[in-house]
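Numbers restart at 1 for each chain; the letters A, B, ... are given by sequence-line order, proteins then strands. The basis for the numbers below is simple: all heavy atoms, side chains too, and nothing from hydrogens, waters or symmetry mates.
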2 protein chains.
Amino acid sequence: MTAKFRQKLAHRPRPEYFWLHSGTCQGRAGRYDRGMSQADILLPSPGSARPGKAPYLRIATEEAFAPKEMLEIYRRLIDKGEVDDPGFKGLMGFYMSSTSARAKHIIAGLQDLGDLRLKHMDDSGVDMQVIALTSPGVQFMETAEAVSFAQVANDQLADAIRRHPTRFAGMIAVAPQDPTAAAKEIERGVTKLGMHSVIINSHTKGEYLSDPKFWDIFAAAEQHNTPIYLHPNSLPKNMIQPFQEAGLDGAIYGFGVETGLHALRIITAGVFDRFPKLQMIIGHMGEALPFWLYRLDYMHRATVLSQRYESMKPVKKRVSEYLKENFYVTNSGVAWEPAIKFSQDVLGADRVLYAMDYPYQYEAAEVANLDNMDMSAELKKKFFQTNAERVFNIKPRP
Amino acid sequence: MTAKFRQKLAHRPRPEYFWLHSGTCQGRAGRYDRGMSQADILLPSPGSARPGKAPYLRIATEEAFAPKEMLEIYRRLIDKGEVDDPGFKGLMGFYMSSTSARAKHIIAGLQDLGDLRLKHMDDSGVDMQVIALTSPGVQFMETAEAVSFAQVANDQLADAIRRHPTRFAGMIAVAPQDPTAAAKEIERGVTKLGMHSVIINSHTKGEYLSDPKFWDIFAAAEQHNTPIYLHPNSLPKNMIQPFQEAGLDGAIYGFGVETGLHALRIITAGVFDRFPKLQMIIGHMGEALPFWLYRLDYMHRATVLSQRYESMKPVKKRVSEYLKENFYVTNSGVAWEPAIKFSQDVLGADRVLYAMDYPYQYEAAEVANLDNMDMSAELKKKFFQTNAERVFNIKPRP
C-alpha cells in the first residue's frame with residue numbers, strides 16, 4: 001500500500017470495505033491491485049459503520065465456529081494426505097496456511113465463542129447469533145472420530161450458550177457417516193443441550209442425504225421438530241474440476257450450485273412425502289432456488305413423465321410447493337434488497353431469515369444497508385427477528 | 001388413460017398442459033401417474049389457448065432446429081460408441097429413441113423449417129422466431145465434420161429465412177473445435193447469409209471459451225457486431241455424475257448451472273477486457289446469474305484478493321458490470337413474471353428478451369400469461385419486440 005493511497009483511504013468518511021462500496025479505484029491493471037495488498041481490505045470495518053438501534057432484534061442465523069481441536073484434525077488429515085478431496089484441501093488448506101489478514105481474521109473468529117465474537121456482534125449491531133460448526137464440520141473424518149468429535153463440538157457450543165444465553169443459540173452438529181448415531185445426537189442436542197436445529201454441510205464424502213440410508217437423520221429431526229440447515233461443503237471430486245480450474249468452486253458459485261443440487265436431490269427423492277413435517281433451511285438466498293421455481297416445476301414434471309431416469313419417480317407435490325412448505329432460506333452472503341424481497345414474494349415472508357455468515361462475511365455496512373431496505377416494518381421484523389425466534393425456538397425477550 | 005379421465009380432460013374449458021396449470025390430479029402415488037400416459041400430456045395445447053393480437057410483435061429468440069442429416073450423424077456417433085460422454089448419450093439418445101408423443105413432437109418440430117413450424121407459431125401467437133441449430137450442434141463431432149456440417153446447417157437455415165423473411169431470423173452455427181474456421185464462418189454468416197448472431201452450445205468436449213485458444217471466435221464476433229448466444233449443452237463428464245444419478249443433469253437444473261459456470265469463466269478470464277464491445281446472450285432467465293449478482297461481486301473480489309487461484313486474476317470491472325454491459329438474457333423456459341421483472345430491474349429493461357424454447361417448451365398458454373404481465377406497455381414492447389430487433393439486427397416492419 002502506497003503512502004498516498006493509505007492517506008486516501010484514511011480520509012474516506014466511512015472506511016468500509018474498500019472495493020465493494022466505493023468502486024472508484026480502477027487502474028490500468030484492474031481495480032484489485034493498485035497499491036493494495038490483501039491485508040488492507042476485506043477486513044472488518046471500524047466502528048464508524050456501526051448500525052444504530054433498530055425496532056427489532058437482529059438475529060443472525062448462519063454464523064460459524066470451529067473448535068481449535070477440529071482445525072488440528074483438519075491439519076492432520078491434510079498433512080498426512082488422508083483426504084482424497086481437492087475441494088477440502090484447496091479450501092481448508094488455504095485458510096489454515098494463508099498469512100493474509102483476512103484468513104487470520106477468519107481463523108481467529110471461528111475459534112472464539114467469547115469476547116472477540118461478542119465485540120464483533122456489538123460492532124455490527126447483531127443482537128444474537130445462531131452458531132453452527134463450520135463447514136465441513138466432521139463430515140470428512142473417519143466415522144468413529146466424526147461421531148465423537150460432533151459431541152465434543154456440541155458440548156463446547158452448549159457451554160458457550162449457557163454463558164451467553166441472550167447472545168448465542170446453536171445448531172447440533174452430527175456425523176451423517178453414522179445415521180443412527182446422528183439421530184441419537186439430535187436427541188441429545190435437543191433434550192440435554194437445549195439446541196433446536198441441526199447443521200449438515202452438504203455431501204458427506206460425495207454421498208447425498210437423498211439416499212435412504214441417511215433417513216434416520218430426517219426421522220429424528222422431524223420427531224424432535226428440529227430444522228436441518230443444509231450448508232455448503234466444498235465440491236465433491238466428481239464435480240469440482242470445471243469449477244476449480246477457473247477458481248469458481250467456492251463461495252462465488254460452486255458452493256451454491258452444489259448445495260442447491262443437494263436440496264433438489266432431497267426433494268425429488270421423496271423425502272418430504274415420507275417426512276412431511278420436516279423443515280430444512282438453506283442459506284445464500286436459498287442458493288438461487290427461489291429464482292428457479294418455475295423451471296423446476298416445469299422440467300421436473302417433464303422429466304418424471306419421460307421416465308428417462310430410474311431415480312426420478314413421481315412425488316406428491318410440485319418442487320416449488322416443497323420449497324415453500326418445507327424450506328426456509330437465509331440471506332447469508334447476499335445483503336441485497338432485490339433478492340431478499342424477491343424471495344419473500346415467491347416463498348412467503350415467513351420463510352426468509354437474516355444471516356451474516358460471520359466470520360466469513362463480517363460487514364457492519366451490510367447490516368446498515370439492510371436496516372434501510374424499503375420494506376414494511378412488519379416484514380423487516382419478521383426478517384430480522386421473529387422468523388428466527390420461531391424457526392430456532394428462541395424465547396422472545398420480555 | 002382411463003375413459004373417465006379422458007372424459008374429464010375433454011371437459012376442461014382450456015385444455016392446456018394438464019399438470020402445470022391445473023394441479024388437481026393428485027392420487028395416492030402422486031400427481032403424475034393417475035391414469036395418464038406420457039403420450040397425453042406435455043404436448044402442445046389446441047387452439048383454445050391461442051393468444052390474441054398484441055400491440056407488439058412477439059419475437060421468440062431461442063428457438064431450435066436440427067437438419068435430419070445432423071440427427072443421422074448423432075445416431076452414428078451413439079451407435080458406434082464414438083462419443084465418450086454420458087450426458088450426450090443420455091440426452092440425444094433418449095430423444096431419438098423414445099416413442100413418447102413428447103419426443104416425437106420435439107424431433108418433428110426440430111426438423112421442420114416450413115409449414116409445421118409456421119402453424120405452431122401461428123397457434124401460439126409468435127410472429128417471428130430467431131432460430132438456432134439445436135444443442136449440442138456440431139460440438140461433439142470430429143473437427144473436420146463439425147466445420148463442414150456447420151456450413152450445411154447454416155445454408156439450410158439461410159434458405160428457410162429467404163423463404164420466410166418476415167417469420168424467421170437465424171443464428172450462425174460454428175465449430176469451436178477450429179476457431180479459425182469458426183471466425184470465417186461468422187464472417188460468411190454475416191456477409192453472405194444475412195444472419196446477425198452466433199450460437200455456441202456451452203462447452204466443446206469439456207473445453208470452455210475462457211481458454212484463449214478460442215478467442216479468435218470472440219474477435220470475429222466483436223468485429224462483425226454479432227452477439228453470441230451461449231446455450232446449454234449436456235454436462236461434461238467431469239461434472240455430470242452427482243447430477244445425472246439423480247436425474248437432475250438436464251434442463252431442470254444441470255444445464256443452467258453449467259452454462260452459468262461457462263459465462264462466469266468467460267467473464268473472470270478477462271474476455272470482456274480484451275473484447276469490450278463483445279455481446280453475449282444467455283437464456284433461461286440468465287441461467288440465474290441475475291439473482292447471484294451481489295454474491296458474485298463480493299466473492300470475486302475476495303477470491304482475487306486471496307490470490308488462491310492462478311486462474312483468477314484481476315479484471316477491470318465487477319462481475320455484475322460485465323453482466324449488465326456485455327450480456328443479454330432471455331426468458332426461455334421461464335415464463336414467469338417475477339423472474340422477468342427481477343431481471344429487468346437488476347440488469348435493465350433493455351437487456352431482457354422474450355424466448356419460447358420451441359419445440360422443447362411449446363406452450364401457447366405461456367405466451368398468453370406473459371401478455372398479461374403487470375408491466376408497462378413500453379417495457380412489454382421492449383421485452384417482446386424491440387430489444388430483439390436491436391440485438392439481432394431485425395429490420396422493423398413498416
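- For the residue pair A:Glu366 and B:Tyr294, a side-chain donor N or O sits within less than 3.5 Å of a side-chain acceptor on the partner.
- The closest side-chain donor-acceptor pair between B:Glu363 and A:Tyr298 falls under 3.5 angstrom.
- Between A:Asp249 and B:Tyr309 there is a side-chain heavy-atom pair separated by less than 4.5 Å.
- If you tally non-hydrogen atom pairs under 4.5 Å between each of A:Gln241, A:Glu310, A:His203 and chain B, the highest count goes to A:Gln241.
- Note that CZ of B:Phe291 is 10.0 Å distant from CD of A:Glu287, once rounded to the nearest 0.5 Å.
- Neither the backbone nor the side chain of A:Glu207 comes within less than 4.5 Å of any heavy atom of chain B.
- Note: A:Ile252 leads A:Ile252, A:Asp345, A:Val334, A:Leu235 in heavy-atom pairs under 4.5 Å with chain B.
- Proximity to chain A involves both the backbone and the side chain of B:Leu91, based on heavy atoms less than 4.5 angstrom apart.
- Contacts between B:Thr268 and chain A at a heavy-atom distance below 4.5 Å involve the side chain alone, from C-beta outward.
- Between A:Phe342 and B:Phe342, the ring-plane angle classifies as perpendicular under the 30° and 60° cut-offs.
- Looking only at side-chain heavy atoms (C-beta outward), B:Glu245 and A:Arg265 come within less than 4.5 Å of each other.
- Neither the backbone nor the side chain of B:His262 has a heavy atom closer than 4.5 Å to any heavy atom of chain A.
- Contacts with chain A were tallied for B:Gly250, B:Gly260, B:Gly270; B:Gly260 has the most, counting heavy-atom pairs under 4.5 Å.
- The contact between A:Ser343 and chain B is made entirely by side chain atoms (from C-beta outward), counting heavy-atom distances below 4.5 Å.
- Formation of a donor-acceptor pair under 3.5 Å by the B:Arg295 side chain with backbone atoms of A:Ala251 is found in this model.
- Proximity to chain A (any heavy atom under 4.5 Å) is restricted, for B:Tyr208, to the side chain, taken from C-beta onward.
- In this structure, chain B has heavy atoms under 4.5 Å from both the backbone and the side chain of A:Gln244.
- Contacts of B:Ala335 with chain A are made by both backbone and side-chain atoms, with heavy-atom separations under 4.5 Å.
- Minimum interatomic distance between B:Trp336 and A:Pro290 (heavy atoms only, all atoms of both residues): CH2-O, 3.4 Å.
- Between chain A and the options B:Gly90, B:Gly254, B:Ala269, the largest number of non-hydrogen pairs under 4.5 Å is found for B:Gly90.
- Across all their heavy atoms, A:Ser311 and B:Gly247 have their closest contact at OG-N, 3.6 Å.
- B:Tyr253 contributes atom OH, which lies 14.5 Å from atom NE2 of A:His300 (distance to the nearest 0.5 angstrom).
- Interface summary for chain A: among B:Leu296, B:Val257, B:Asn238, B:Ile240, the most heavy-atom pairs under 4.5 angstrom belong to B:Asn238.
- By the neighbour-count criterion of 12 heavy atoms within 6.0 Å, atom NZ of A:Lys237 is sparsely surrounded, having that number or fewer from other residues, nucleotides or ligands.
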